[in-house]
Amino acid sequence: MLDADLLAGPAEQVAPLLLGMVLRHGEVAVELTEVEAYAGPRDPASHAFRGPTPRNDVMFGPPGHLYLYFSYGMHWAANVVCGPDGTAGGCLLRSGQVVDGADLARGRRHGAPERDLARGPGRLTQALGLAREHRGLDLLADGVVRLEPGPVRAGEIEVLTGPRVGVSSAADVPWRFWVAGSRYVSAYKRSPRAPAPER
DNA sequence: CACTAGATGCTCT
DNA sequence: GAGCATCTAGTGA
């Protein structure tokens, strides 16, 4: 069982710790290979930057809960809430490797190739079967959806960082974290609305 | 393989 | 009504 204190720090510090952990929903489990940090009031790219709304209120609650949002008309994306209770913050789960329940995941993903089962935020939630009814669940409690320690010990994963995908503000802040050399990492794409890259 | 265009509907202003 | 923390299918090589 994971300790909530582990997730109570700033999102950009929690994010690399999530790599290698496993998110499980029933029989399907995904080992996380790529995440992004969103630091609430300190981060113009965060949904919580302008204060609480009905959509983002979960992010203002205690760490370790599941913030889900609906994106681009077709996809759900999952975040682990971080930071202390009362302060908004979260880590977007961008990609992972399906390590259990692959047959069920493949069915939900309409027969996608193994590498693409959970590569991308929308694909990851689809493979796990997460949607609006899972909003706000406590991932550290003993429920059907939970976050578990991974098979690899903390500190044994080589982590690379870079700018976040698809954000139009703070587009150069390197708060995307992924497992070095992993095939289960999504492609970087800069938002067409973002200003020209810094150099 | 790399790259592009368009679909799609919720959320907040 | 504008703006998305995206995906897929299509093209061309």
Side-chain angles (χ1 to χ4, degrees), chain A residues 7 10-16 18-19 23 30 32-60 63 65-83 87-98 105-136 139 160-178 182-195 197:
Chain A
L7 307 177
E12 68 273 27
Q13 283 180 28
V14 172
L18 293 174
L19 296 176
L23 184 66
V30 168
L32 302 176
T33 56
E34 181 186 8
V35 301
E36 285 176 357
Y38 287 89
R42 292 183 291 124
D43 180 7
S46 171
H47 289 162
F49 183 61
R50 293 167 201 283
T53 68
R55 174 217 217 181
N56 68 22
D57 60 357
V58 172
M59 264 203 286
F60 289 79
H65 287 238
L66 183 63
Y67 167 53
L68 282 167
Y69 69 92
F70 194 74
S71 174
Y72 288 93
M74 353 183 160
H75 313 288
W76 290 91
N79 296 242
V80 175
V81 173
C82 344
T87 301
C91 293
L92 169 66
L93 309 182
R94 282 201 62 85
S95 293
Q97 175 182 6
V98 174
R106 188 158 37 243
R108 287 173 175 152
R109 291 276 302 118
H110 204 257
E114 190 267 348
R115 185 190 181 208
D116 290 342
L117 288 180
R119 186 171 61 127
R123 294 163 171 178
L124 184 145
T125 55
Q126 200 182 354
L128 281 166
L130 296 176
R132 70 160 50 77
E133 66 266 30
H134 306 290
R135 245 182 70 100
L139 299 173
L160 298 180
T161 69
R164 294 171 291 183
V165 173
V167 296
S168 56
S169 46
D172 296 296
V173 176
W175 281 356
R176 175 174 175 240
F177 302 81
W178 66 92
S182 173
R183 300 164 54 241
Y184 301 91
V185 170
S186 59
Y188 175 65
K189 189 172 182 186
R190 189 179 183 86
S191 167
R193 294 169 296 279

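The sequence lines fix the lettering, A, B, ..., with proteins before strands; numbering per chain opens at 1. Just so you know, these numbers come straight off a predicted model, no measurement behind them.
Nucleotide B/dT11 holds its C1' atom 17 Å from the CE atom of A/Met74, rounded to whole Å. Rounded to a whole Å, the OH atom of A/Tyr69 is 14 Å from the C1' atom of B/dG9. The distance between atom CG of A/Leu66 and atom C1' of C/dA5, rounded to the nearest whole Å, is 15 Å. In this structure, A/His47 places its NE2 atom 15 Å from C1' of B/dT13, rounding to the nearest Å. Residue A/Trp76 contributes atom CH2, which lies 9 Å from atom P of B/dC10 at whole-angstrom precision.
Judged by Watson-Crick or G-U wobble contacts below 3.5 Å, the nucleotide C/dA5 has no partner.
Contact annotation: A/Ser168 reaches the phosphate of C/dC4 (side-chain N/O to OP1 or OP2, under 4.0 Å). Look at A/Arg109 and you won't find any side-chain N or O under 4.0 angstrom from OP1 or OP2 of C/dC7. Look at A/Arg193 and you'll find a side-chain N or O under 4.0 angstrom from OP1 or OP2 of C/dC4.
Evaluation of A/Tyr72 against the base of C/dT6 yields a stacking contact (centre distance < 5.5 Å, interplanar angle < 30°). Look at A/Tyr38 and the base of C/dA5; the rings stack, centres closer than 5.5 Å and planes less than 30° apart.
Residue A/Phe70 places its side chain closer to B/dC10 than to any other of B/dT11, B/dC10, C/dT6.
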